[in-house]
Amino acid sequence: KNEVEQSPQNLTAQEGEFITINCSYSVGISALHWLQQHPGGGIVSLFMLSSGKKKHGRLIATINIQEKHSSLHITASHPRDSAVYICAVRIISNFGNEKLTFGTGTRLTIIP
Amino acid sequence: GAVVSQHPSWVICKSGTSVKIECRSLDFQATTMFWYRQFPKQSLMLMATSNEGSKATYEQGVEKDKFLINHASLTLSTLTVTSAHPEDSSFYICSARGTSGRMSSYNEQFFGPGTRLTVL
């Protein structure tokens, strides 16, 4: 079982719909990242969370540390939001350094 | 937010040649840089972690003599793929973590745009 699980794997929605992508993890973490990867490959860091909720424009990210769960929401979705959204958790290794472990991503397609 | 650049954005080379990829943090000091590799339709896989001025720490299964990493300054890290072969063709992404007056005190991590390597 992967340490980081995302759902759904693929999501297609109509423009304007409210989008939710979920991420569950099974280990203790120091932070969680939400990343966006467009077809060209470049990765944009959307959020880094260690507790609570963050909002940036139409994007909202929440995390529940006790339940080991995070959600990324997109309001008023737009075709330009079409991308792969990746959840990554920061784990402290036995050697004391922090590494990111990535989910497999959610491919979002917004249809005009 | 902070910016991380990579150069080149894509490279095509012949088998057996060496390729150098540069990663720069443009507006912050990157105390730690990470190099990832991503194959089509797969997630990112960490290759190595480098701290400025010290040797890189490689993940299990990554050959340190084949993937040479140099983190000579707080704004530059390089990855050299030596004697590249077609199986090294992949998307290589660097990421930098550090602190500056504009960043949170928790060491945010930012990603470069990636370099697509094709070895013929």
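The basis for the numbers below is simple: all heavy atoms, side chains too, and nothing from hydrogens, waters or symmetry mates. Chain letters run A, B, ... following the sequence lines, proteins first, then strands; residues in each count from 1.
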**Study point:** Met48(A) CE to Arg97(B) CZ distance, which is reported to the nearest 0.5 Å
**Key:** 8.5 Å

Exercise for review: Tell me, yes or no, whether the heavy-atom count around Glu87(B) atom CD, taken from other residues, nucleotides or ligands under 6.0 Å, exceeds 12.
Suggested key: yes

Practice item. For residues Leu35(A) and Leu44(B), determine if any side-chain heavy atom of one lies less than 4.5 Å from a side-chain heavy atom of the other. Key: no

Revision key, fill the gap. If you tally heavy-atom pairs under 4.5 Å between each of Ser45(A), Gly41(A), Ala88(A), Gly103(A) and chain B, the highest tally belongs to Gly41(A)

Check your understanding: Does atom NZ of Lys55(B) have more than 12 heavy-atom neighbours, drawn from other residues, nucleotides or ligands, at distances under 6.0 Å?
Key -> no

Check your understanding: What do the steps show when you test Gln37(A) against Phe91(B) for side chain to side chain contact (heavy atoms under 4.5 Å, CB included), and what is the final call?
Key -> CA-CA 12 Å; Gln37(A) 187 171 30; Phe91(B) 191 58; 4.0 Å; yes

Review point. If Ile, Leu, Val, Met, Phe, Trp and Tyr residues are connected whenever their side-chain heavy atoms lie under 4.5 Å apart, and connections chain through other members, are Val119(B) and Phe67(B) in the same group?
Key: yes

Exercise for review: Drop me the distance from Phe111(B)'s CZ to Leu100(A)'s CG, to the nearest 0.5 angstrom.
Suggested key: 5.0 Å

Check your understanding: With respect to chain A, which residue among Gln6(B), Gln38(B), Gln42(B) yields the maximal number of heavy-atom pairs within a distance under 4.5 Å?
Key -> Gln38(B)

**Study point:** Neighbour count >12 (heavy atoms, 6.0 Å) for atom NE2, His7(B)
**Key:** no

Point to revise | Crowding at CD, Glu67(A) (>12 non-hydrogen neighbours, <6.0 Å) | key: no

Review point. Is it the backbone or the side chain of Ile43(A) that comes under 4.5 Å from a heavy atom of chain B, or both, or neither?
Key: both

Review point. With sequence neighbours excluded, what pairs up with Glu15(A) under the salt bridge (charged side-chain N to carboxylate O under 4.0 Å, His left out) test?
Key: none

